[in-house]
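Below is one structure, written out as structure tokens; comments come after it.
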Number of protein chains: 2
Amino acid sequence: MKEGPDIAHVAALIGDPARANMLTALMSGKALTVSELAEEAGVTIQTASSHLSKLDEGGLLRPRKQGRHKYFSLAGDEVAHVLEGLMGLAAGSGHVRKRTGPKDAELRKARVCYNHLAGDMGTQMFDSMMDNGHIMLDGGDLALTDEGAAFATGFEIDLDALRKARAPLCRECLDWSERRSHLAGSLGRAFLTRFEELSWAKRDQKTRVVAFSRNGAKEFTRLFLVG
Amino acid sequence: MKEGPDIAHVAALIGDPARANMLTALMSGKALTVSELAEEAGVTIQTASSHLSKLDEGGLLRPRKQGRHKYFSLAGDEVAHVLEGLMGLAAGSGHVRKRTGPKDAELRKARVCYNHLAGDMGTQMFDSMMDNGHIMLDGGDLALTDEGAAFATGFEIDLDALRKARAPLCRECLDWSERRSHLAGSLGRAFLTRFEELSWAKRDQKTRVVAFSRNGAKEFTRLFLVG
DNA sequence: TTCATGGTTCGACCTTAGTCGAAGCATCAA
DNA sequence: TTGATGCTTCGACTAAGGTCGAACCATGAA
């Protein structure tokens, strides 16, 4: 009743079904308009607008105006991180969203978590990079080693550009399906983008599923060998 | 509207002020009775009972009956982890619970997070153990190295007993105040217990504050040097 | 200007759920 | 048994907030 920040307010924001659906949709990492989010949540545009302004006020979203459209995306990694955590709790307590269809298997295999790769393949990538000393935990923060920097550059990722932005380069993020870490942060995002550029993988437009091509999966496992 | 676990339900559970207060109280790691939690939340016993059964049903709590008392504690590390994450979001968006009194400084310095040490001193301990190679990140999971095992045993922690329990030995947990990791899991708990046994530190009964004695703090910093 | 489209604001419903009083169990102690 | 304590269940009250229709802005295109 006295100590610590006000959990209840934030949690209540996430706790409404319509808003939760919107947030889940935004976990795809894409910025969506009010009408798209309304559709996603199954409510009219007015109510969606109301919900979105509340979420925004709560600091969970980042709004951007473009012409007469208003795009919303998650405010940052921390938000995505908490959402994944909640999904973990929900999944754990058997309260899965309806039955687990075929989609679910794909989601566990590879999905997009805000803007980086999550699921089975995400943790595989993370494990491999740890094993090879490309990344390491440095006092609670994840850091890119020199070898890792070389590795990323070799994969044609522009590290200098990433470093210029103030967003943290490496971050770890916990999966709800795997209960293990995967790579988040701007580097995590860059890797996923690169996979798409190389046509190794393609994001599903509607869901959070990341579909790897046969060849893409092969290249991926070659790149991210595990012990 | 279709994919992933049902966030809304869990979040709504946490989203009620009374329940949030109870959960925050349980972050102290202690098991509390229905009446104690009612007091903590500022509601009557009936409503507390109702809330607690909902939280229990949602898988957030672990109830235990002892005589005519019913004790509740958090269901596990994951729950505490998510709660800390929510605190981080709440703190970040300026929605701190009322004003930050003198208590708040103490909370940032050293506090109990579910059952282990968090706050400034918690991350210091974590950093030190990482630097000295006592713990390391092994494929997303935190692992105790041989040196670390020797270190813990030297500190008179019964590792064999801990290993017997099914709970994970090492876990990392993210602070809302520090935004850095600290050591959770049964080992994290054991360390805190040991600090208390040695009278280095004492938990405040009412809040989550961990008060280190002058000597305890000295010993602590000697033990957990940071490079 | 005029029209169309994307969002917001306002106001009025109405369901949901938190709240407590009162009564009912269960456990323990004489 | 009687009484006390801790908790649960029931029922009724009430307030909070999600929902949508309708009207209102704002932007862009003809």
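Numbered from 1 within each chain, the chains take letters A, B, ... in sequence-line order.
At a threshold of 4.0 angstrom between heavy atoms, the contacts of T33(B) are confined to the sugar-phosphate backbone, with no base atom among them. K65(B) comes within 4.0 angstrom of no nucleic acid atom, judged by non-hydrogen atoms across all strands. Heavy atoms of S35(A) sit under 4.0 angstrom from primed sugar atoms or phosphate atoms, though from no base atom.
For Y71(B) and dT8(D), the OH to P distance is 14 Å, given to the nearest whole Å. Atom CD1 of I14(B) is separated from atom P of dA17(C) by 16 Å (rounded to the nearest Å). Taking atom CD1 of I45(B) as the reference point, atom C1' of dA4(D) lies 14 Å away to the nearest angstrom. Going from atom NZ of K70(B) over to atom P of dA26(C) covers 13 Å, rounded to whole Å.
Under 4.0 Å is where a charged nitrogen must lie from a carboxylate oxygen, and between R111(B) and E84(B) at least one such pair does.
Listed pair T44(B) / dC20(C) meets the phosphate criterion, a side-chain N or O lying under 4.0 Å from OP1 or OP2. Contact annotation: K54(A) reaches the phosphate of dG18(D) (side-chain N/O to OP1 or OP2, under 4.0 Å). Phosphate proximity of dG7(C) to S49(A): absent, as no side-chain N or O sits under 4.0 Å from OP1 or OP2. In terms of phosphate contacts, R19(A) brings a side-chain nitrogen or oxygen within less than 4.0 Å of OP1 or OP2 of dG18(D). Phosphate proximity of dT19(C) to H51(B): present, with a side-chain N or O under 4.0 Å from OP1 or OP2.
Relative orientation of the H116(B) and H182(B) rings is tilted, given thresholds of 30° and 60° on the angle between their planes. Aromatic ring pairs are classed by plane angle as parallel below 30°, tilted from 30° to 60° and perpendicular above 60°; the pair W200(B) and F155(B) is tilted.
Between the side chain of Q46(A) and the base of dG21(D) there is at least one donor-acceptor pair of N/O atoms closer than 3.5 Å.
Taking the nucleotide of DNA chain C with the nearest heavy atom to each of R68(A) and T47(B), the more 5' of the two is matched to R68(A).
Using modelled atom types and a 3.5 Å distance limit, the side chains of S73(B) and R64(B) yield a donor-acceptor pair.
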